[in-house]
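What follows is a short report on a single structure.
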Amino acid sequence: MSILFSPDSEQIWQRKWNEAKLFESNLNGDKPKFYCLEMYPYPSGKMHMGHVRNYSIGDAVARYKRMMGFDVLYPMGFDSFGMPAENAAIKENAHPHEITERNMASITDQIKRMGFSYDWKRQVKSHDPRYYRWNQWFFTKFMEMGLATQQFAPVNWCSQCETVLANEQVKAGRCWRCNGPVSQEEMNQWFLDIPSYAQELVDGLDTIDFPENVKALQRDWIGRSEGAEITFAIEGREEEIKVFTTRPDTLFGTTFVTLAPEHPLAGSLVKGTPQEEAWQHLYDEVSAMSEFDRIKNMNKKRGVPLGVHAIHPLTGERIPIWAGNFVIASYGTGAVMAVPGHDERDFDFAKSYDIPIRRVLVMKEGADADAELKRAESDFGWMVNSPIEGFDGLYGDEAKSAVINALTAKNAGSQTINWKIRPWLVSRQRYWGTPIPVIHCGSCGAVPVPEADLPVELPRDVTFGEGNPLETSASFLAADCPTCGEEGRRETDTMDTFVDSSWYFLRFTDPLNDELCFDSAKANQWMNVDFYCGGIEHAQMHLIYARFWTKALRDLGLHDIDEPFNELLCQGMVNMAAPWCESCGLTFTVDLAGAPCPQCNAVLGERSAKMSKSTGNTVSPEDMIEQYGADTVRLFILFAANPTAGMDWSDTALEANYKVMMQLYSMPERMQSWDGPAGPMDVWFEGRLKQRVEEFQSAMDVYDLRRAVELSHYELVKDVNWYTRRGGNNAEIASKILRHWAHMLSISTPHIAEEWWAVLGMDGLISGAEMPQLDPISPAEQTALDGETTTRSFLENARKIKDVAERHLDGPATSATIIVAPTWKRELAVTALEFLEQGGNPKQFIGVLSKMEIAQGERKGEIMGFWGKKMLPQVFKWDDESRILIRSTLDEVESLRLRSSFIAEELGLSTVHVVLGESEDDDTGRAGGAMPLSPSVVYA
RNA sequence: GCAGGGGUGGCUGAGGUGGUCAAAGGCGCCGGGCUUAAGAUCCGGUCCCGUACGGGUUCGUGGGUUCGUAUCCCACCCCCUGCACCA
């Protein structure tokens with residue numbers, strides 16, 4: 001009975017899995033749990049190859065863990081709030097809700113067609129009030145904790161998206177979503193205080209298994225820097241200037257203080273003075289610039305003196321105050337103490353404005369303290385020229401603490417840690433998100449909506465395209481103050497959709513609960529996520545927000561988990577060739593293939609580029625599944641590259657994998673039609689199976705899916721071929737092999753595995769079955785494995801030599817004598833191996849050798865030479881397996897004699913003799929080249 | 001500039017705790033078996049030289065350590081990713 005692939009048959013199995021509720025997760029307590037998760041997808045209407053790759057990886061892991069006896073939680077849901085749906089709604093004159101539901105239905109069908117083993121009963125979707133009511137509930141709790149606050153502050157505004165953005169969402173000064181320009185606007189906005197968790201977010205990285213680059217990205221983004229906050233008094237004024245510095249040891253070199261032009265003090269200091277105009281000019285220029293342009297222009301350092309002086313906190317010296325375009329208002333305190341002698345940026349500035357440069361450090365101990373500074377010397381150094389006793393000569397951390405101590409004593413500064421990460425700006429002026437549950441009251445201010453009134457649902461009576469849609473809904477806006485009952489106005493901002501993905505993994509542990517966000521016992525049992533798979537692009541946004549949110553919910557007492565994700569795997573990109581101009585270094589859209597470069601007219605070549613709609617180098621998963629089936633697509637995608645590496649889509653490689661699948665489809669029929677008796681190769685095959693299962697498991701345990709698939713779909717086929725080639729023909733062994741093999745197939749190509757399972761007459765579905773344990777490899781099996789391995793390597797060698805030999809013989813060889821290395825060589829090898837194993841130096845072995853019995857007598861010189869020239873290099877070349885073999889009882893002569901007819905057949909010879917070198921049987925005189933495990937051959 | 005990751009045979013891509021490495025697997029190419037034939041499958045080959053199992057040259061470049069290095073150390077070049085006048 002041959003099994004043929006048909007797309008329908010795959011769907012039949014999917015229905016059966018569904019009916020059997022195989023993938024519904026229930027903790028039953030006696031099995032270990034495993035939580036496997038892929039990053040919450042946005043429901044675009046179509047599944048793309050990136051999805052296919054992501055889910056093929058996750059599904060293989062989930063299926064493997066299930067097969068190994070874990071209780072697996074493997075859910076799927078949709079991050080269904082967000083601007084694409086809203087923008088599409090505006091374009092199509094439809095409603096985001098309908099568009100989202102439509103897209104979700106369509107992508108769900110496509111995902112299901114791949115046969116992934118999700119527990120669909122747990123599906124979560126962000127735009128469901130049953131879900132987002134908890135966003136609102138958390139928000140009100142955060143308000144109580146003081147974690148969520150409303151502030152009037154300069155924020156990033158994207159005019160194309162008509163909304164504000166968090167800092168993380170501004171990439172190179174442009175909007176992460178639409179790449180439009182981002183400007184600074186002062187607005188009243190909601191913030192979540194991530195910096196209060198910054199230290200924990202940094203420390204937590206040491207406890208989880210994230211790739212190094214992701215950890216580096218996060219550390220970078222969180223941006224911890226240790227230093228001091230120093231207060232400068234202002235001459236003749238009440239106000240003070242606070243600066244942050246990482247180099248308090250250079251405090252005595254401060255020759256000016258610079259404020260960001262937007263610093264509130266800057267304006268007030270110059271008000272009504274002759275400097276006001278110049279400052280205003282700088283302010284206008286800087287604030288009108290997009291951040292992108294501003295950063296670009298920062299290398300042209302410019303500033304204006306404010307005509308006011310600060311007082312050095314330790315020396316009392318008068319120091320001019322400047323406003324400078326290179327100081328960023330939102331980092332640190334928005335003010336810096338400028339030390340031109342030891343800071344490059346300050347040096348540049350001082351040079352162009354002729355401000356004194358003072359040396360207060362020398363880079364070599366005892367160096368000339370008055371040497372001129374030709375450039376900023378910004379490394380650590382020894383303090384010099386300190387106007388106060390007790391500092392000169394101090395270095396690095398010691399110097400820093402001395403200055404900080406002096407400042408602390410004068411109440412003019414303290415040691416602080418500054419974070420680059422800033423509060424998460426969560427309000428958005430868009431419709432398709434979670435309404436922020438706040439009512440603004442004239443007398444009570446911003447009042448959280450009481451729990452009983454949640455969820456605050458999105459109204460339908462809104463108009464799109466005229467600013468914030470929620471402001472157009474009269475019914476939504478009207479709300480009485482929950483505290484005093486006065487007429488209030490509802491908050492019209494919605495939450496950043498990254499809120500939705502910040503805790504969905506917790507909701508999955510208890511998704512249908514309408515009383516609680518989740519039951520804490522369930523969350524504690526399932527969490528954290530053991531294996532989390534998704535794209536690297538979320539390294540700083542989602543993966544920081546989710547870690548923060550998890551900790552915040554923990555502090556609300558909702559669960560006990562510190563980190564949401566244990567092991568993170570970032571899958572590589574799916575690439576495909578696209579037109580590319582070598583000289584311009586540009587990639588073009590596929591419609592330009594074959595055309596000349598639009599920039600330079602050169603002939604366009606090809607280069608692999610990320611599959612993307614805009615380039616047009618895409619392949620539709622739907623078409624591929626239709627043509628080749630889900631199993632083939634999955635096999636290709638897992639086999640083409642390691643999960644973390646980029647992979648190139650290749651139609652020919654896909655075809656090749658399809659052939660493999662076809663071959664595997666016919667495998668049960670082929671193997672079950674064997675009709676021979678039990679034979680010596682059966683022992684080998686059983687041992688081989690055990691080896692393969694073991695290799696497969698160790699590959700899967702470290703998520704080396706490529707290797708696992710190689711074993712299950714390629715190596716075992718080769719093993720079958722070897723078995724039959726060596727005369728194996730026993731149907732009984734076939735069934736045993738196939739049963740275990742089916743399990744290995746099932747993690748990546750589950751549909752064919754079910755076909756096999758059925759053909760083998762097994763009960764139930766393999767997707768719900770655990771893989772049975774195999775006994776350890778027996779001594780007999782090991783001997784068989786060794787025998788075949790050595791025979792195989794012998795054949796490889798003998799074939800090579802045969803060519804050369806036949807040129808010698810002037811005709812085809814008809815017989816061969818195999819000369820096994822004489823026993824003294826093996827003895828030598830064994831002794832040398834033992835010597836080295838005990839830590840002996842190879843150079844010293846010659847001393848041991850000269851005392852050995854085999855090295856006495858007239859052959860001594862020959863044998864000593866043999867050691868140095870032949871045996872010494874060889875001793876190191878043997879792998880562990882060979883070393884064991886050499887020291888085992890393996891009888892090489894016997895082992896080869898057993899297989900001599902096979903060897904003869906393989907080499908096309910009529911007779912093959914096996915002799916022990918230098919024995920009476922050996923009349924060849926050619927034992928010289930033979931080595932243990934590597935006999936010589938003489939053809940005749 | 002700083003941080004992280006890389007540079008391997010015609011292509012792709014493993015390995016990288018020094019000896020199992022002339023270097024897995026896949027693709028491509030060549031030869032053989034099967035077949036009326038093609039395809040598929042199976043077997044073998046695929047750095048160079050060599051009339052007998054040997055020699056030579058290779059893992060970005062140049063040095064070094066070692067009995068031995070693709071693998072370790074140093075310097076340099078190039079590519080990717082992120083951050084970036086961050087105080």
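Here is how names work: the chains are called A, B, and so on, in the same order as the sequence lines, proteins then strands, and each is numbered from 1.
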So which nucleotide does [N] pair with, by the Watson-Crick or G-U wobble rule with both distances under 3.5 Å?
{"N": "B/G68", "result": "none"}
{"N": "B/C42", "result": "B/G32"}
{"N": "B/A3", "result": "B/U81"}
{"N": "B/C27", "result": "B/G10"}

Any idea which of [options] is nearest the [X] side chain?
{"X": "A/Lys420", "options": "B/C86, B/A87, B/G82", "result": "B/C86"}
{"X": "A/Gln663", "options": "B/G82, B/C42, B/A52", "result": "B/C42"}
{"X": "A/Arg725", "options": "B/C43, B/A87, B/C86", "result": "B/C43"}
{"X": "A/Asn721", "options": "B/A87, B/C83, B/C43", "result": "B/C43"}
{"X": "A/Arg799", "options": "B/G44, B/A87, B/C53", "result": "B/G44"}
{"X": "A/Leu217", "options": "B/A52, B/G82, B/A87", "result": "B/G82"}
{"X": "A/Ala805", "options": "B/G45, B/A52, B/A87", "result": "B/A52"}
{"X": "A/Trp221", "options": "B/C83, B/C86, B/G4", "result": "B/C83"}

For [X] and [N], give me the distance from atom [atom1] to atom [atom2], rounded to whole Å.
{"X": "A/Ile801", "N": "B/U51", "atom1": "CD1", "atom2": "P", "answer": "16 Å"}
{"X": "A/Asp220", "N": "B/C86", "atom1": "CG", "atom2": "P", "answer": "13 Å"}
{"X": "A/His342", "N": "B/A87", "atom1": "NE2", "atom2": "C1'", "answer": "15 Å"}
{"X": "A/Leu907", "N": "B/C43", "atom1": "CG", "atom2": "C1'", "answer": "13 Å"}
{"X": "A/Leu795", "N": "B/C53", "atom1": "CG", "atom2": "C1'", "answer": "14 Å"}
{"X": "A/Ile222", "N": "B/A3", "atom1": "CD1", "atom2": "C1'", "answer": "15 Å"}
{"X": "A/Phe636", "N": "B/U12", "atom1": "CZ", "atom2": "P", "answer": "15 Å"}
{"X": "A/Met931", "N": "B/C53", "atom1": "CE", "atom2": "P", "answer": "14 Å"}

Quantified in whole Å, what is the [atom1] atom distance between nucleotide [N] and nucleotide [M]?
{"N": "B/G6", "M": "B/G13", "atom1": "P", "value": "14 Å"}
{"N": "B/C21", "M": "B/U69", "atom1": "C1'", "value": "11 Å"}
{"N": "B/G9", "M": "B/C59", "atom1": "P", "value": "9 Å"}
{"N": "B/G68", "M": "B/U51", "atom1": "P", "value": "31 Å"}
{"N": "B/G26", "M": "B/U46", "atom1": "P", "value": "14 Å"}
{"N": "B/U66", "M": "B/A84", "atom1": "P", "value": "46 Å"}
{"N": "B/C48", "M": "B/G82", "atom1": "C1'", "value": "44 Å"}
{"N": "B/G18", "M": "B/A70", "atom1": "P", "value": "13 Å"}

SB check A/Arg224 A/Glu226 (cutoff 4.0 Å): yes
Sugar-phosphate only, base, or nothing, as touched by A/Gln540 at under 4.0 Å among non-hydrogen atoms: sugar-phosphate
Sugar-phosphate only, base, or nothing, as touched by A/Asn642 at under 4.0 Å among non-hydrogen atoms: sugar-phosphate
Aromatic ring pairing A/Tyr714/A/Phe639, orientation class (parallel under 30°, perpendicular over 60°, tilted between): parallel
Aromatic plane relationship, A/Phe349 with A/Phe256 - under 30° parallel, 30 to 60° tilted, over 60° perpendicular: parallel
Verify, without hydrogens or angle tests, whether [X] (side chain) and [Y] (backbone) share a donor-acceptor contact under 3.5 angstrom.
{"X": "A/Lys301", "Y": "A/Asp348", "result": "no"}
{"X": "A/Tyr658", "Y": "A/Phe636", "result": "no"}
{"X": "A/Ser934", "Y": "A/Ala930", "result": "no"}

Residues A/His312 and A/Thr254: side-chain donor-acceptor under 3.5 angstrom: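 Note: A/His312 and A/Thr254 side chains miss the donor-acceptor criterion.
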CD1-NE2 distance between A/Ile321 and A/His263, expressed to the nearest 0.5 angstrom: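 NE2 of A/His263 is found 10.0 Å from CD1 of A/Ile321.
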Distance flag, aromatic centroids of A/Tyr723 and A/Trp674, threshold under 6.0 Å: yes
Letter per nucleotide, 5' to 3', of nucleotides 19-31 of chain B [B base touched, S only sugar-phosphate touched, - untouched; heavy atoms, 4.0 Å]: BB-S-BSSS----
Over-ring placement of A/Arg726 relative to A/Phe902, 6.0 Å and 45° cut-offs: yes
Base B/C53 paired with A/Ser936 side chain (donor-acceptor, <3.5 Å): yes
Comparing A/Asp704 and A/Ala930 on RNA chain B - which has the more 5′ nearest nucleotide: A/Asp704
